[in-house]
Amino acid sequence: MHEWALAESILAAAEKTATQEHLKTIKELTINLGELQQIDRGILRFALKALADEHPSFTKAKFVFKTEKSQFTCNVCAHTWDYKDLKKTLGATEAEAVHFIPEAALAYVRCVRCGSPDFQITKGRGVTLATVKGT
Amino acid sequence: MHEWALAESILAAAEKTATQEHLKTIKELTINLGELQQIDRGILRFALKALADEHPSFTKAKFVFKTEKSQFTCNVCAHTWDYKDLKKTLGATEAEAVHFIPEAALAYVRCVRCGSPDFQITKGRGVTLATVKGT
Amino acid sequence: MDPRPSIIATRFARIKTVIAVASGKGGVGKSMIAATLALSLAKNHRVGLFDLDVYGPSAHLILGASDLQPTEDKGLVPPRISNVSFMSPVFFTQGRASPLRGSDVTNMILELLAITQWRKLDYLILDMPPGIGDETLDVIRFVPNCTFLVVTTPSKVAMGAVDKLLDILQELHRPIIGILENMATEPSPIKDDITKRSLRYLGSLPYDPSLEAALGHPEKILTTPFGQSLRRLLPAIERYETAASSNK
Amino acid sequence: MDPRPSIIATRFARIKTVIAVASGKGGVGKSMIAATLALSLAKNHRVGLFDLDVYGPSAHLILGASDLQPTEDKGLVPPRISNVSFMSPVFFTQGRASPLRGSDVTNMILELLAITQWRKLDYLILDMPPGIGDETLDVIRFVPNCTFLVVTTPSKVAMGAVDKLLDILQELHRPIIGILENMATEPSPIKDDITKRSLRYLGSLPYDPSLEAALGHPEKILTTPFGQSLRRLLPAIERYETAASSNK
Ligand SMILES: Nc1ncnc2c1ncn2[C@@H]1O[C@H](COP(=O)(O)OP(=O)(O)O)[C@@H](O)[C@H]1O
Ligand SMILES: Nc1ncnc2c1ncn2[C@@H]1O[C@H](COP(=O)(O)OP(=O)(O)O)[C@@H](O)[C@H]1O
Ligand SMILES: [Mg+2]
Ligand SMILES: [Mg+2]
Ligand SMILES: [Mg+2]
Ligand SMILES: [Mg+2]
Ligand code: NI
Ligand code: NI
Ligand SMILES: [Zn+2]
Ligand SMILES: [Zn+2]
């Protein structure tokens with residue numbers, strides 16, 4: 001249920017955008033979910049709806065989720081790989097740590113080609129707010 | 001004359017590319033010069049030509065320089081500015097330090113809008129090798 | 001858009017005072033002081049301790065917090081140890097090395113700031129890493145109303161790094177509670193410099209050979225000469241807070 | 001394409017041995033040991049010292065190198081002090097605070113690796129910062145044939161951070177000369193751990209109250225109990241090098 005905290009941050013960010021763009025009623029939020037964080041869409045949607053209900057400008061908002069595929073790039077050998085490869089090596093505890101803090105992956109994962117721990121999370125890390133539509 | 005050291009690195013990088021791409025004779029190198037580093041083109045060209053002369057595959061190489069305008073972006077207020085603004089506040093010693101190590105700018109320069117030292121060099125930092133043409 | 005910065009103010013809304021125990025220099029006793037300060041204040045305040053040293057987290061070793069984990073309740077709720085709400089990167093790295101680049105450090109800190117539910121606190125103590133890198137810049141940028149307690153030793157080498165942190169904090173007009181001199185010698189070689197900067201010299205803590213044996217045992221730490229000296233300096237720290245709030 | 005990494009091997013071609021004095025932990029004496037090691041070796045070898053601690057550079061304070069600057073000759077030639085070729089970020093920041101993000105640190109280090117003309121050296125000593133951040137990852141990635149001299153104190157808190165660095169170095173099969181215990185106590189609480197890792201315990205250096213007064217005076221440092229103890233450990237360090245080269 002830490003998805004609740006993320007839902008709060010999404011609505012706070014949307015509110016900020018709404019103020020900047022003089023939107024009074026929010027119709028749609030598009031939210032990118034980075035594959036690495038393995039967010040539970042059901043819980044996130046539930047939290048967003050519950051929070052939106054308490055918010056006059058968000059009561060009618062639709063929430064659109066898009067998954068951003070993950071990509072890891074080795075700084076040493078430039079090899080790239082994705083969550084599929086990474087998942088095999090993560091136990092349940094490690095996977096949960098990465099769910100909370102995606103950078104925990106750097107403690108557990110190594111480049112599948114050269115074994116280096118020096119790699120970047122180049123795509124699909126976490127939650128971002130892609131678009132805010134309203135009037 | 002530290003441009004000589006940079007010329008050496010450019011030719012070493014070009015050689016690496018040439019090997020990878022099975023080029024035997026290099027015809028043209030395009031080199032991007034980030035504005036922040038204020039490279040002396042005359043000296044750099046002189047060094048490149050002198051080094052190329054000793055290198056069978058580079059003797060006929062043409063060197064094309066392009067300047068990449070600089071841009072600084074404040075991490076706090078998102079304001080952007082460029083070398084023109086920055087130059088006003090740098091003394092001769094500071095400017096020389098930035099010529100050697102562009103990141104020295106972070107010790108001397110502040111966001112022109114909010115005064116923060118927490119900014120990024122988003123464009124035009126230093127020397128990059130853009131293209132290697134040959135046969 | 002990164003949604004995390006937008007929620008931090010909410011997470012900190014019910015925290016009265018945030019104190020970053022910082023130095024610029026490593027090994028001067030930041031973690032010892034941060035942890036011991038948290039333990040002392042927790043005797044009659046609601047206190048949190050947040051270890052921000054992602055490469056060399058130490059607070060859990062000092063507190064003896066080995067088998068703790070945060071619980072989930074609309075975010076992560078820090079576990080409590082010796083009456084202190086405690087959050088640390090070790091909960092996620094399980095003591096493994098964290099070879100992080102700067103941008104990873106920023107992401108880790110931002111994520112923890114966004115999802116940690118500190119709830120109501122009188123004090124949140126931040127145990128800072130050395131340097132003026134991503135962690136320090138992120139605290140300056142993201143943590144609302146952060147005050148700084150700067151730690152040094154009497155050594156010229158330590159003051160070399162500490163001076164740079166003070167330069168930045170003073171340039172940015174950040175509230176500095178004062179400077180604490182750890183493993184002090186007599187007479188203090190740094191008092192003058194601090195006065196010249198118009199900063200407060202909060203006092204000194206002795207080199208205490210009994211400290212090592214007390215590591216991992218909160219109650220013992222409080223009874224060491226080090227712990228007792230720090231306790232005597234609490235009024236000076238609390239006085240600053242009172243002065244700061246009456247200036248508002 | 002970034003041209004800088006391509007030239008580093010050339011810059012290091014005439015350096016016989018590179019020793020990174022590292023720890024993971026701050027304040028354990030890395031800079032004292034790196035500088036003193038450089039000074040000792042310089043008595044009968046060609047030696048360079050490269051300060052890689054961009055936030056808290058200390059080597060110049062220890063060497064008393066105040067008014068030095070590199071000279072330009074097909075790159076930057078490090079100035080010499082007490083027979084040591086010395087390169088430091090302070091030459092470019094003039095003692096001002098350097099609030100750098102991780103990617104800036106990497107850029108600064110790469111630039112210095114690419115343009116510094118060390119020429120012919122028997123030893124290049126790297127004074128490392130704490131942590132396993134950009135500097136450490138960059139040295140692992142970019143510095144050819146780097147060996148590691150790992151420094152710790154006997155404290156549990158120090159070993160907590162040092163263990164993480166050792167984990168990474170051993171996982172990556174990097175050559176570790178051994179572990180040096182600074183400000184040692186008797187009996188050593190860390191010897192066993194080191195043996196279990198199949199690493200070499202190089203010896204211990206005493207806590208030396210006379211060191212502070214010697215800072216900035218290279219000749220004095222060498223005559224302190226600290227300096228003399230370190231000198232006695234040189235054969236153990238050089239023995240490693242000989243073993244390593246005969247293995248090639
Ligand atoms: N006053 C003191 N007396 C004796 N040892 C101390 C004292 N303060 C700190 N230490 C020890 O010094 C080392 C560095 O302290 P630590 O709190 O880890 O520093 P930092 O967090 O600044 O890196 C640790 O081994 C710690 O136990
Ligand atoms: N053996 C020793 N005896 C006494 N003081 C020491 C000793 N080694 C280091 N110091 C002092 O301890 C402090 C930390 O040393 P330093 O070399 O700066 O550590 P690091 O580079 O690991 O951060 C400095 O003030 C230094 O002068
Ligand atoms: Mg610490
Ligand atoms: Mg850092
Ligand atoms: Mg040091
Ligand atoms: Mg760093
Ligand atoms: Ni969750
Ligand atoms: Ni030049
Ligand atoms: Zn790899
Ligand atoms: Zn700004």
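In what follows, every chain begins at residue 1, and chains take the letters A, B, ... in the order their sequences are listed.
In this structure, chain D has a heavy atom under 4.5 Å from the side chain of Ile62(C), while its backbone stays farther away. Proximity to chain D (any heavy atom under 4.5 Å) is restricted, for Lys25(C), to the side chain, taken from C-beta onward. Interface residue Val157(C): backbone and side-chain heavy atoms are both found under 4.5 Å from chain D. For Ser155(C), the parts lying under 4.5 angstrom from a heavy atom of chain D are both the backbone and the side chain. For chain C, the nearby parts of Asp138(D) are the backbone and the side chain; heavy atoms of each come within less than 4.5 Å.
No side-chain donor-acceptor contact under 3.5 Å links Arg4(D) to the backbone of Leu113(D). Between the side chain of Asp127(C) and the main chain of Ala35(C), no donor-acceptor pair closer than 3.5 Å is present. Side-chain atoms of Asp51(D) come within 3.5 Å of backbone N or O of Ala59(D) as a donor-acceptor pair. In this structure a side-chain-to-backbone donor-acceptor pair under 3.5 Å is missing from Thr152(C) to Ala158(C). Put simply, the side chain of Thr147(C) gets close to the backbone of Val18(C): a donor and an acceptor are under 3.5 Å apart.
Of the listed residues (Leu61(D), Thr153(D), Leu137(D), Thr136(D)), the greatest number of heavy-atom pairs within a distance under 4.5 Å of chain C belongs to Leu137(D). Interface check for chain D: of the options Ser31(C), Pro154(C), Gly131(C), Ala161(C), the most heavy-atom pairs under 4.5 Å are formed by Gly131(C). In terms of heavy-atom pairs under 4.5 angstrom with chain D, the leader among Ser103(C), Pro129(C), Pro209(C), Gly27(C) is Gly27(C).
The contact list for residues 212-227 of chain D toward chain C, using heavy atoms and a distance under 4.5 Å, reads Glu212(D), Leu215(D) by residue number. Contact annotation for residues 91-101 of chain D against chain C (heavy-atom separation below 4.5 Å, listed by residue number): Gly95(D), Arg96(D), Ala97(D), Ser98(D), Pro99(D), Leu100(D), Arg101(D).
In this structure, the separation between CG on Asp53(C) and CD on Glu135(C) is 7.0 Å, given to the nearest 0.5 Å. Here the straight-line distance linking atom OG of Ser229(D) with atom CG of Asn182(D) works out to 9.5 Å at 0.5 Å rounding.
Minimum interatomic distance between Pro5(D) and Leu110(D) (heavy atoms only, all atoms of both residues): CG-CD2, 4.2 Å.
Looking at residues two or more places apart in sequence or on another chain, you find a salt bridge (charged side-chain N to carboxylate O under 4.0 Å, His left out) between Asp167(C) and Arg197(C). For Thr195(C), there are no side-chain hydrogen bond (donor to acceptor under 3.5 Å, both in side chains) partners, not counting sequence neighbours.
In this structure, the side chains of Phe86(D) and His60(D) come closer than 4.5 Å at one or more pairs of heavy atoms. Side-chain contact between Val162(C) and Ile190(C) is absent, with no heavy atoms from C-beta onward closer than 4.5 Å.
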* **Test log, rule side-chain contact (heavy atoms from CB on, under 4.5 Å), inputs Gln170(C) and Leu199(C)** => CA-CA 10 Å; Gln170(C) 291 198 291; Leu199(C) 291 174; 3.4 Å; yes
